Amino acid sequence: MKMVQAVIKHTRLDAVQKALMAIDVHGVTLTEAKGFGRQKGHTEVYRGVEYEVRFLPKIKLEIATPDEKLEEVLAAIQTAARTGEIGDGKIFVYEISDVIRIRTGERGKEAI
Amino acid sequence: MKMVQAVIKHTRLDAVQKALMAIDVHGVTLTEAKGFGRQKGHTEVYRGVEYEVRFLPKIKLEIATPDEKLEEVLAAIQTAARTGEIGDGKIFVYEISDVIRIRTGERGKEAI
Amino acid sequence: MKMVQAVIKHTRLDAVQKALMAIDVHGVTLTEAKGFGRQKGHTEVYRGVEYEVRFLPKIKLEIATPDEKLEEVLAAIQTAARTGEIGDGKIFVYEISDVIRIRTGERGKEAI
Amino acid sequence: MKRIRTVSKLLFSLSAAMAFFSFSAPAVYADAAPATSKINSGDTAWLLVSAALVLLMTPALGFFYGGMVRRKNVLGTIMHSFWALCLVSVTWVLWGYSLAFGPSIHGIIGNLSWFGLNGVGQESSPLGSPTVPHLAFMSFQMMFAVITPALITGAFAERMKFSAYTVFIILWSTFVYAPIAHWVWNPHGWLYTLGALDFAGGTVVHLNAGIAALVAAIVLGKRKGYLEVPMLPHNIGYTVLGASLLWFGWFGFNAGSAITSGGLAALAFVTTNTATAAAALGWAFAEWAHKGRPTVLGAASGAVAGLVAVTPTAGFITPMGAIAVGAIAGVICYTAVNLRPKLGYDDSLDVVGVHGLGGFWGAIATGIFASPLANPAGRGLLYGNAHQVIIQFEACGATLVWSGLVTYIILKLIDATIGLRVSESEEELGLDLSQHEESGYNL
Amino acid sequence: MKRIRTVSKLLFSLSAAMAFFSFSAPAVYADAAPATSKINSGDTAWLLVSAALVLLMTPALGFFYGGMVRRKNVLGTIMHSFWALCLVSVTWVLWGYSLAFGPSIHGIIGNLSWFGLNGVGQESSPLGSPTVPHLAFMSFQMMFAVITPALITGAFAERMKFSAYTVFIILWSTFVYAPIAHWVWNPHGWLYTLGALDFAGGTVVHLNAGIAALVAAIVLGKRKGYLEVPMLPHNIGYTVLGASLLWFGWFGFNAGSAITSGGLAALAFVTTNTATAAAALGWAFAEWAHKGRPTVLGAASGAVAGLVAVTPTAGFITPMGAIAVGAIAGVICYTAVNLRPKLGYDDSLDVVGVHGLGGFWGAIATGIFASPLANPAGRGLLYGNAHQVIIQFEACGATLVWSGLVTYIILKLIDATIGLRVSESEEELGLDLSQHEESGYNL
Amino acid sequence: MKRIRTVSKLLFSLSAAMAFFSFSAPAVYADAAPATSKINSGDTAWLLVSAALVLLMTPALGFFYGGMVRRKNVLGTIMHSFWALCLVSVTWVLWGYSLAFGPSIHGIIGNLSWFGLNGVGQESSPLGSPTVPHLAFMSFQMMFAVITPALITGAFAERMKFSAYTVFIILWSTFVYAPIAHWVWNPHGWLYTLGALDFAGGTVVHLNAGIAALVAAIVLGKRKGYLEVPMLPHNIGYTVLGASLLWFGWFGFNAGSAITSGGLAALAFVTTNTATAAAALGWAFAEWAHKGRPTVLGAASGAVAGLVAVTPTAGFITPMGAIAVGAIAGVICYTAVNLRPKLGYDDSLDVVGVHGLGGFWGAIATGIFASPLANPAGRGLLYGNAHQVIIQFEACGATLVWSGLVTYIILKLIDATIGLRVSESEEELGLDLSQHEESGYNL
Ligand SMILES: Nc1ncnc2c1ncn2[C@@H]1O[C@H](COP(=O)(O)OP(=O)(O)O)[C@@H](O)[C@H]1O
Ligand SMILES: Nc1ncnc2c1ncn2[C@@H]1O[C@H](COP(=O)(O)OP(=O)(O)O)[C@@H](O)[C@H]1O
Ligand SMILES: Nc1ncnc2c1ncn2[C@@H]1O[C@H](COP(=O)(O)OP(=O)(O)O)[C@@H](O)[C@H]1O
């Protein structure tokens with residue numbers, strides 16, 4: 001099983017969610033994140049003092065998925081999250097060694 | 001070493017923390033998350049416009065643990081986090097290749 | 001490729017960011033987290049009722065990095081994040097099986 | 001479809017009601033004979049400003065309470081106060097004022113001859129002061145009727161059904177507030193004629209709300225997880241904002257209760273401020289001694305305790321007396337709040353400890369500290385009139401019995417019919433989403 | 001370097017202007033003959049308090065609106081109101097008051113002889129009431145001029161350039177507000193002489209702002225992603241805070257419009273409160289029937305709708321009439337707001353639905369409900385004077401035409417020169433960062 | 001156990017004090033002879049409303065400051081203001097008023113014969129105006145005494161021990177504020193007799209606080225990480241809310257300083273509003289020219305700078321003069337704030353730049369712009385009286401010396417005994433948790 005972790009722009013969340021539902025992915029965990037990368041940050045000025053803010057708001061999605069569905073999920077996210085501008089984000093894939101559904105105690109692929 | 005990542009309900013946090021302390025787990029990192037799954041979301045209505053909110057507030061816990069303690073940790077979380085209702089959450093297990101304690105520079109199992 | 005996940009103190013963020021830039025790391029994802037560990041929490045008192053707060057505010061950084069750069073990144077973070085006091089945090093290292101840059105579709109090391 | 005029909009019906013009924021509403025007011029609202037009018041512009045200005053200040057207190061209370069609940073209940077809690085403002089503003093105009101201040105039926109209750117403010121006009125009235133328009137006096141009193149039920153809501157925060165709350169407010173303000181206001185403030189009310197001193201509503205407003213709160217906390221039962229899971233105030237900034245606006249508005253409440261603008265209003269102004277500050281100090285220093293740290297929530301709570309305690313006594317005591325009344329109120333209420341977890345009920349935001357006990361202490365303190373030097377209309381124990389204390393106890397007792405009993409009946413009635421409490425899962429979800437389908441913050 | 005030079009120039013010009021400013025006011029500001037002064041201290045106190053209350057409404061509006069936008073626009077939205085307060089406070093003193101209330105040129109506009117408040121002093125004036133200083137009347141009117149353009153900002157929230165907004169405010173308050181205020185409130189204004197009834201500004205303020213809002217929403221176009229991405233109110237606590245302070249301040253707006261302190265002010269006070277509460281109930285109950293849940297945002301919005309609707313009519317109707325005016329306003333505005341997504345424009349915070357329609361309904365309601373029992377100065381349809389309704393329609397029509405037309409011209413002019421709208425990427429980033437380089441919360 | 005005993009002792013002492021408190025006020029608080037009273041209801045209403053408005057300013061200041069600090073210090077900062085309100089409200093009643101306004105000892109300080117408001121009653125007094133109750137005048141003055149030390153807190157935000165702060169407030173308001181208030185406002189005070197013009201407290205309140213702030217910033221030292229780690233304002237909404245309520249309340253401060261309700265109050269009302277708006281514009285346009293963007297924090301700060309600058313001069317200048325005073329204040333204070341990082345001290349929230357410099361400019365501006373057309377009591381440089389500027393400088397100088405010196409002594413004394421500053425780890429944890437064991441937000 002794989003864990004897909006995607007860092008995307010706020011504005012693309014809706015599109016990504018729809019794309020995932022379209023390929024029957026019904027489990028996602030989301031966290032608010034901030035990203036630092038090629039994308040230029042902005043300046044904030046308070047009472048004459050300037051602050052460079054390089055961390056920009058992003059959304060981090062985590063989707064556990066069986067190996068065979070991985071590429072489908074990656075494609076869906078990449079297409080839906082893409083605007084073509086710098087800062088669109090990254091997708092990271094990890095190996096999961098186990099999954100448990102807390103409610104039922106199911107383990108492994110069944111639990112996803 | 002394993003990283004146990006559990007997505008649980010807010011209301012179960014206290015119980016899970018106690019359960020972990022009971023089995024001598026003294027290191028946890030927590031993030032506020034939102035989850036989308038089988039559990040039904042809710043509707044919000046603002047000035048006549050309805051919004052379907054499918055992402056529900058969850059807590060994400062991360063616990064690094066030596067391999068031999070893994071099952072104990074999983075059992076503790078699962079028991080404490082369970083309410084039996086849809087939305088109880090999931091536990092994901094990953095392999096960690098290394099751990100460092102920043103303060104001392106210890107590495108590996110010692111550092112957990 | 002490795003994912004370096006560091007849990008650090010708020011006050012060290014600036015130093016860590018500078019240290020990373022100094023070794024040419026230009027991609028970081030950050031989340032607000034709360035940590036529970038050896039570090040003593042604090043008490044909050046509201047209308048006579050005392051609450052033990054054991055979870056303390058931390059910053060979680062995630063940095064994807066090629067294998068060959070791993071030790072450099074770890075050293076940079078550890079040095080910059082260290083205050084020598086309990087609660088300085090931990091660094092966890094995972095294996096990443098794949099990375100995709102959403103904007104361009106690049107995969108693997110290129111995408112980091 | 002069904003809903004659209006409901007709305008059309010609503011619209012239709014409203015239109016139908018229009019004609020009735022407009023013609024049903026045969027009173028002369030305009031000054032018939034301005035030449036001989038005794039209306040004083042300064043007194044009227046002061047009374048209208050005071051009414052506006054008291055109005056502000058109700059939403060302020062919403063923020064005071066709203067900051068203390070958990071995030072998921074912030075809107076539901078703020079709404080409790082806001083809704084009381086909306087509902088009672090209308091019922092008071094329709095029947096509340098007539099019941100409370102209208103022609104008295106044996107000192108027990110007003111009759112309905114002032115229904116819809118029939119006869120309540122721009123000219124002066126025998127109530128309050130001849131120098132202010134009857135409508136101004138009415139609106140000042142309205143604001144008191146509005147805030148009193150809102151005070152109770154702290155006792156059942158985070159768990160009451162909104163429909164039940166709506167019914168509760170209407171019944172409570174009609175069957176509990178109006179009679180007690182009549183007894184104490186109507187010149188023919190039986191407690192008034194008895195000689196009970198209550199400058200601005202210690203018994204009518206605070207003790208009354210405090211007792212109703214006690215009953216409500218018991219009838220509704222504890223919040224799910226009470227004393228087990230942490231229930232931290234989610235936004236103390238809101239609470240301090242509320243307390244600050246309450247302090248500001250309370251000058252209208254107390255100094256406005258002089259009805260006229262002059263020395264008595266100035267005295268009540270000063271005693272109000274002094275007692276409030278002293279109570280905040282009393283609470284915070286008690287905390288400091290007891291727990292090692294003075295808290296901001298404590299100072300804000302203490303200020304409210306002081307405002308409550310000085311309410312019945314503001315126009316009767318000296319500034320030095322106000323320091324005593326306030327400081328003692330701060331310490332008493334702090335102690336009460338500390339005992340709360342040991343009691344068997346969940347008075348979530350300490351209405352009993354702050355308004356009930358504070359109001360009670362204020363009423364008795366009036367019997368003790370009332371100084372003829374401050375106001376010839378009152379003489380308390382310290383100035384040789386021990387009897388006043390007894391009268392004050394009687395007024396408290398009457399309020400206690402009536403408010404306790406009738407509140408209990410109303411709540412039981414609602415529980416038996418539409419149910420008082422939200423379901424367990426609604427409670428877990430929070431009032432904001434379950435009762436209003438909104439969230440307080442989308443930060 | 002260039003900037004430093006700009007600042008020095010600024011400083012220099014300011015210094016240069018000093019002498020001019022100070023000498024250009026030959027009027028006698030001091031009371032020349034206090035002995036014969038008719039200034040009444042109570043009336044003056046009431047009017048000054050009212051002006052202060054109305055002042056508070058503008059930042060309150062900022063919070064009312066600011067809570068409804070997305071987090072990234074909170075400061076930009078609050079700033080819209082705050083900036084209107086700053087700009088119009090100065091332009092009103094310079095030329096606005098003279099245009100609106102100065103000696104009339106054929107009932108169309110005032111001349112500039114009161115520029116810089118030349119001749120507007122501490123003595124009483126023929127405007128308002130002889131019992132209050134001219135400066136007090138001026139400042140009361142100023143607060144109305146301040147809030148009116150701020151109301152419009154809800155229509156173009158989250159997308160207007162700040163520089164464009166600055167120019168817009170100045171032009172709009174000069175060329176739209178001042179003339180219409182002149183027509184309706186200046187004793188020589190053509191609508192005034194026609195007999196139009198507008199107690200506190202239903203047409204001048206609310207209908208006027210509502211029409212300008214409609215034009216602005218159309219000219220600026222929809223927000224990026226409108227009806228596609230969720231645009232949830234980010235902090236309803238702010239919105240309720242704003243609505244509560246608006247309610248509080250509106251007593252100054254309406255009851256202050258009696259100018260004197262007495263029975264008429266008391267009447268307007270009561271009708272204002274009653275209609276507001278009734279409208280909040282109307283809106284929330286309509287929601288309850290229609291969607292199954294009453295919302296807090298709905299109650300707050302309904303209260304504002306009621307405040308708007310009762311504005312023109314506050315001093316003319318009975319309290320029972322106020323219940324009708326308010327309840328109907330709540331239901332009408334709720335319906336309008338529900339239809340908004342079906343209309344082709346993005347009136348982001350429902351200025352058209354609440355202020356436009358509410359103001360229109362209030363103006364017409366005045367023609368219907370004005371009761372000679374409440375105020376001999378007005379007699380509406382229900383009291384046998386159908387003609388009043390026609391006059392009210394005429395006043396609305398004139399406002400509609402002038403405001404619609406001139407607002408359109410101003411906006412098109414700005415768009416053609418400096419541009420009205422922020423760029424797409426600025427809109428995505430939010431006004432706070434793109435226009436002000438600040439963020440609202442660093443929680 | 002020890003704590004319980006402490007609390008019991010506290011309770012006991014309080015009870016013991018009761019009798020003393022109540023009997024120690026032999027003054028006749030009641031109107032002995034209302035028939036001959038000169039109390040005017042309108043003037044009194046205005047003064048009481050003004051006092052209430054000024055009261056609101058202190059918590060408003062708490063929010064103004066509280067929004068500018070980091071999240072972990074929000075409650076500690078709000079508490080600074082709230083606590084000043086509580087402490088000084090009591091000490092002022094006990095001894096402060098007597099020192100400042102009581103019978104003068106050689107124009108230097110009042111004696112203690114009005115301790116506990118002994119003799120300060122409902123009748124009128126030789127102070128202020130014969131038309132208002134002495135208690136009303138006292139309470140108005142109290143609010144000034146309350147806010148002045150609160151202003152200073154911006155200079156040592158985020159690092160002072162709460163116990164040290166408590167002691168500081170009491171000593172400072174006794175040994176710095178009371179004497180200076182005596183000099184300037186007591187009819188026998190030496191600066192008063194010299195002819196210094198200070199309408200509403202430019203020197204007594206703002207310059208005084210500004211100098212104390214400078215000393216405090218230097219004595220306490222910089223915050224840990226100052227200019228190294230970002231210290232962004234955590235909630236600018238709070239800051240704008242505070243600024244708005246300050247603006248609202250300042251009408252009481254300035255227009256209330258006319259003491260009576262009439263033309264002079266109206267003039268001060270208008271100049272206050274005008275200068276405030278002009279200063280906000282001045283600051284924001286300076287930013288726009290200098291940094292390319294006007295900020296919301298800048299507009300709010302500019303408004304406060306304008307309010308400060310117009311304070312001493314509000315009742316002496318024309319509205320056109322107010323535009324000049326305000327606009328210049330905005331630009332001056334903006335410049336000062338920009339220089340701050342280059343200075344060697346950490347005046348965290350710019351008290352020196354805004355209140356110190358603004359107050360100084362206002363005092364001098366009074367000497368320049370005071371116009372006999374506005375108020376016959378003042379004539380400045382522009383109207384031919386250059387000498388007034390010199391007197392104004394003298395008043396500023398005297399304030400500077402006394403305030404600077406005594407503040408320094410007080411702070412050093414506290415530092416040597418209980419210590420001024422929190423420990424490093426407490427500073428890192430934040431004042432909310434370390435001083436009060438609370439957190440501001442549990443969102
Ligand atoms: N090496 C990395 N490790 C972790 N997160 C990264 C890394 N590189 C980029 N990111 C995340 O991806 C986001 C987008 O990256 P950025 O370089 O700005 O744009 P792009 O991916 O379009 O080139 C960043 O804001 C950050 O959150
Ligand atoms: N495939 C998945 N990947 C990541 N997180 C998931 C996945 N499936 C579920 N979750 C997380 O678990 C939570 C609970 O899942 P849900 O399907 O609602 O209930 P249950 O686990 O009881 O069947 C979700 O809210 C989401 O946060
Ligand atoms: N086993 C663990 N799993 C996950 N996070 C941990 C673990 N142990 C510690 N942490 C994180 O590291 C932080 C610092 O740990 P702590 O024990 O307080 O101090 P130190 O690392 O200096 O000994 C904690 O607050 C927590 O966020």
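Order of the sequence lines fixes the chain letters, A, B, ..., with proteins taken first and strands second; residue numbering starts at 1 for each chain. All of these numbers come straight from a predicted model, not from anything done at the bench.
Contact of A:Arg54 with chain C is made through the side chain alone, with heavy-atom distances under 4.5 Å. For chain A, the nearby part of C:Ile112 is the backbone; its heavy atoms alone come within less than 4.5 Å. With a 4.5 angstrom heavy-atom cutoff, A:Tyr94 touches chain C via backbone and side-chain atoms both. For a residue to count as touching a neighbouring chain, one of its non-hydrogen atoms must lie under 4.5 Å from one of that chain's; by this rule C:Glu62 touches chain A with the side chain only. Contact of A:Leu56 with chain C is not made at all, since no heavy-atom distance falls under 4.5 Å.
Note that OG1 of C:Thr29 is 5.5 Å distant from CZ of A:Phe92, once rounded to the nearest 0.5 Å. Atom OG1 of residue A:Thr83 and atom CD1 of residue C:Ile102 lie 9.5 Å apart, to the nearest 0.5 angstrom. How far CD1 of A:Ile77 is from CD1 of C:Ile100: 8.0 Å, rounded to the nearest 0.5 Å.
Taking every heavy atom of both residues into account, C:Arg101 and A:Gln78 meet most closely at O-NE2, 4.2 Å.
Ionic pairing of A:Glu52 and C:Lys18 is not present here: no N-O contact between side-chain nitrogen and carboxylate oxygen is shorter than 4.0 angstrom.
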message: Using the rule given for side chain to side chain contact (heavy atoms under 4.5 Å, CB included), can you reason through C:Val28 versus A:Phe55, listing the C-alpha separation, both sets of side-chain angles and the distance that settles it, and then say yes or no?
response: CA-CA 9 Å; C:Val28 179; A:Phe55 279 99; 4.1 Å; yes
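Comparing C:Glu32, C:Glu95, C:Glu106, C:Met3 by heavy-atom pairs within less than 4.5 Å of chain A, the highest count is held by C:Met3. Comparing A:Asp88, A:Leu74, A:Val7 by how many heavy-atom pairs each has under 4.5 Å with chain C, the most go to A:Asp88. Interface check for chain C: of the options A:Gln39, A:Glu71, A:Lys58, the most heavy-atom pairs under 4.5 Å are formed by A:Glu71. The residue among A:Ala33, A:Ala6, A:Gly87 with the most heavy atom pairs within less than 4.5 Å of chain C is A:Ala33.
With hydrogens and angles ignored, the 3.5 Å screen pairs a side-chain donor or acceptor of C:Ser97 with a backbone N or O of A:Val93. Of the possible polar contacts, none joining the A:Lys34 side chain to the C:Thr31 backbone as a donor-acceptor pair under 3.5 Å is found. The main-chain N or O of A:Gly84 is never found under 3.5 Å from a side-chain atom of C:Arg103 such that the two would form a donor-acceptor pair.
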